[in-house]
Amino acid sequence: MKLGASLTGMFSSASRKAGSGPRAADRFVRGGGSTRELDPLLIWSAVGLLLLGLVMVYSASIAIAEGSRFTGYQPYYFVMRHALFMTIGIVCGLAAFQLSMARWQQLAPALFVAGVVLLIVVLIPGVGREVNGAQRWLSLGPVNLQPSELMKIFAALYAADYTVRKLDAMSSFKRGFLPMMAVILFVGFLLLREPDFGAFVVITTIAFGVLFLGGVNGRVFALLAIAAVVGFIILILSSPYRLERVLGFMDPWKDAFGKGYQLSHALIAFGRGEWFGVGLGASVEKLFYLPEAHTDFLLAVIAEELGFVGIMVVIALFALLVQRAFVIGREAIRLERYFAGLVAQGIGLWIGVQSFINMGVNMGLLPTKGLTLPLMSFGGSGIVANCVALAILLRCDWEVRQLKRGGSA
């Protein structure tokens, strides 16, 4: 039985929202635990990313917010909504932390089915909201819900639960691998109908990554990797829209005012930043030159304003979170908490892969995917989903610490 560890995970310091002083902090966890029993590096790295993201969303969005009729010409429109989503995410994270990993395992199949239903509902004409040619959102009054963001959590939970239930069959392609592949392909079909190719890549990585870490046959996984590469190539070649993105990514300067517009301006932002940046708030590219400056291309604004040093700080914080998720998953598996360990690793794969893709897109190393930078970019569903996922990761860490102290979790 091969159970390893993987990439990244993170959550914000929600304990201060629960009150002040040691007594309020102790109420953060159920059963007499305290915030001191949580991984401080994990918490503070996540807090650093959240707070830096809040500052940079304000900086990147102030010009477009102040000059748009949609926002009522209010310069604080996006940052106030981002702060609201962060607060909702922290509250949801506090609630998620109260559930034991055993309870999450019980809920995993039902949550996954609910996620599939939401992906179907969002495709119904007149129900799902279309923005820029993509139908990915459900309108809930003043806010929009993006089901694909929730599906990333559900995929991590379901893949871990499936792997634990099928541990004895992981070496079998027919009994261990094929059922999960069929389910993920169906989810992928729904995501490509939106279309949301980036979410499809992330969710597929989560699901099959957890299967691999859970002990799926190595030869089967290698064949899957080859098939996945071939499949992605076919998807790109069969869609003029995706093919244009790839061609634009390979040489953005060839059509700098057309297909390569976003990437060319992102690269200009990186070039202007040099070592220490032009200064916080002094970006030129965010002044209606760089599209999606506060969402998909937030890293480019960070590069321009904070320079190479600022980018390295962001990368270092993500790298630290990767290492902590690695340790949490490994320790849980060592204590035979296989579901908790695999969930921690699945969440790590999600955050790690998505942040890597976003950074690669901003730097011109990967074609544009439409993925935000976890914990930092503007986006309600994404921030809430990130906070809930990190709360689950912290719950895993807390239970591991209780077991190592000889208690029960």
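Each residue takes its place number in the sequence, starting with 1. Side chains are part of it too, since the values below use all heavy atoms of this structure and drop only hydrogens, waters and symmetry mates. Because the structure is predicted, anything quoted here is derived from the model rather than measured.
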Q: For residues C396 and I328, report the shortest heavy-atom separation together with the two atoms involved.
A: SG-CG2, 3.7 Å

May I have the list of side-chain donor-acceptor pairs in residues 51-64 shorter than 3.5 Å, sequence neighbours left out?
unit_1	atom_1	unit_2	atom_2	d
S59	OG	K286	NZ	3.0
S59	OG	E305	OE1	2.8
S59	OG	E305	OE2	2.9
S61	OG	V57	O	2.6

Q | V131 vs N144 side-chain heavy atoms within contact, under 4.5 Å | A | no

Q.
Under a 3.5 Å distance rule, please check whether Q354 uses its side chain to pair with a backbone N or O of L371 as donor and acceptor.
A. no

(Q) Using every non-hydrogen atom in the two residues, find where A300 and L290 come nearest and quote the distance to one decimal. (A) CB-CD2, 3.8 Å

Q | D397: partners by side-chain hydrogen bond (donor to acceptor under 3.5 Å, both in side chains), with sequence neighbours left out | A | R401

Q: With rounding to the nearest 0.5 Å, note down the distance linking CG in L84 to CD1 in I383.
A: 12.0 Å

Q) Taking C-beta and beyond as the side chain, do F297 and P291 meet within less than 4.5 Å on heavy atoms? A) no

Q: Quick one: list whatever passes ring pair (Phe, Tyr, Trp, His ring centres under 6.0 Å) with F276, sequence neighbours left out.
A: none

Q: Could you walk me through whether T205 and W350 pass side-chain contact (heavy atoms from CB on, under 4.5 Å), step by step?
A: CA-CA 8 Å; T205 301; W350 162 21; over 6 Å; no

Q) Would you say the side chain of L99 lies within less than 4.5 Å of the side chain of L107, judging by non-hydrogen atoms? A) yes

**Q.** Within 6.0 Å of OH in Y77, more than 12 heavy atoms from elsewhere
**A.** yes

Q.
Applying side-chain contact (heavy atoms from CB on, under 4.5 Å) to L123 and L119, what does each step give before you reach the verdict?
A. CA-CA 7 Å; L123 293 174; L119 290 178; over 6 Å; no

Q) Do you know which two heavy atoms are closest between G214 and L167, and how far apart they sit? A) O-CD2, 3.7 Å

(Q) What I want to find out is whether E399 reaches R337 closely enough, with some N-O distance under 4.0 Å, to be called a salt bridge. (A) yes

Q | Contact check, side chains of M359 and F318, non-hydrogen atoms, under 4.5 Å | A | yes

Q: Show your reasoning for whether side-chain contact (heavy atoms from CB on, under 4.5 Å) applies to W44 and V47.
A: CA-CA 5 Å; W44 290 112; V47 168; 4.0 Å; yes

Q: Enter the distance from Q74:CD to S68:OG here, rounded to the nearest 0.5 Å.
A: 11.0 Å

Q | Spacing of CG belonging to L145 relative to CG belonging to L150, to within rounding of 0.5 Å | A | 5.0 Å

Q) Who passes ring pair (Phe, Tyr, Trp, His ring centres under 6.0 Å) against F197, sequence neighbours left out? A) F232

Q) Is the CZ atom of F356 crowded by more than 12 outside heavy atoms at less than 6.0 Å? A) no

Q) Is the number of heavy atoms from other residues, nucleotides or ligands under 6.0 Å of Y76 OH greater than 12? A) no

Q.
Within the structure provided, determine whether W104 and D161 are in side-chain contact (heavy-atom separation under 4.5 Å).
A. no

**Q.** Closest non-hydrogen atom pair, A325 against L393
**A.** CB-CD2, 4.3 Å

**Q.** Summary of ring pair (Phe, Tyr, Trp, His ring centres under 6.0 Å) pairs that have at least one residue in residues 108-150, sequence neighbours excluded
**A.** F112-Y158

Q) Any chance CZ of F288 has more than 12 other-residue heavy atoms, nucleotides or ligands included, within less than 6.0 Å? A) yes

Q: Go through the structure and list residues passing side-chain hydrogen bond (donor to acceptor under 3.5 Å, both in side chains) with T295, not counting sequence neighbours.
A: E292

(Q) Quick one, I392 and I153 - any side-chain contact, counting heavy atoms below 4.5 Å? (A) yes

Q: Would you name the heavy atoms of V343 and A160 that are closest together and state the gap between them?
A: CG2-CB, 3.5 Å

Q. Within a strict 4.5 Å, meaning less than it, do heavy atoms of the L213 and L349 side chains meet?
A. yes

Q. Does S381 reach the main-chain N or O of Q146 with its side chain, forming a donor-acceptor pair under 3.5 Å?
A. yes

(Q) Checking the side chain of D196 only, and the main-chain atoms of L190 only, is there a donor and an acceptor separated by less than 3.5 Å? (A) no

Q | Residues, nucleotides or ligands: over 12 heavy atoms within 6.0 Å of R193 CZ | A | no

**Q.** F85 and V143, any side-chain heavy atoms less than 4.5 Å apart
**A.** yes

Q. Quick one: CG on L263 to CG on L267, what's the gap to the nearest 0.5 Å?
A. 4.5 Å

Q: Return the orientation label for the F378 and H294 ring planes: parallel under 30°, perpendicular over 60°, tilted otherwise.
A: tilted

Q.
Restricting to non-hydrogen atoms, name the atom on A256 and the atom on S264 that form the minimum distance, rounded to 0.1 Å.
A. O-OG, 3.5 Å

(Q) What's the separation between atom NZ in K152 and atom CD1 in I206, rounded to the nearest 0.5 Å? (A) 7.5 Å

Q) Between V116 and F186, does a side-chain contact (heavy atoms from CB on, under 4.5 Å) hold up when you go through it step by step? A) CA-CA 9 Å; V116 172; F186 178 67; 3.6 Å; yes

Q. Between the side chain of S355 and the main-chain N/O of G352, is any donor-acceptor distance below 3.5 Å?
A. yes

Q.
Keeping Q323 on the side-chain end and A319 on the backbone end, is there a donor-acceptor pair under 3.5 Å?
A. no

(Q) I'd like to know if the side chain of Y261 reaches the main chain of Y289, judged simply by a donor and an acceptor atom lying under 3.5 Å from each other, with no hydrogens or angles considered. (A) yes

**Q.** Value rounded to 0.5 Å, distance of CD1 in I357 from OG1 in T372
**A.** 11.0 Å

Q | Check: R136 side chain, E130 main-chain N or O, donor-acceptor pair, under 3.5 Å | A | no

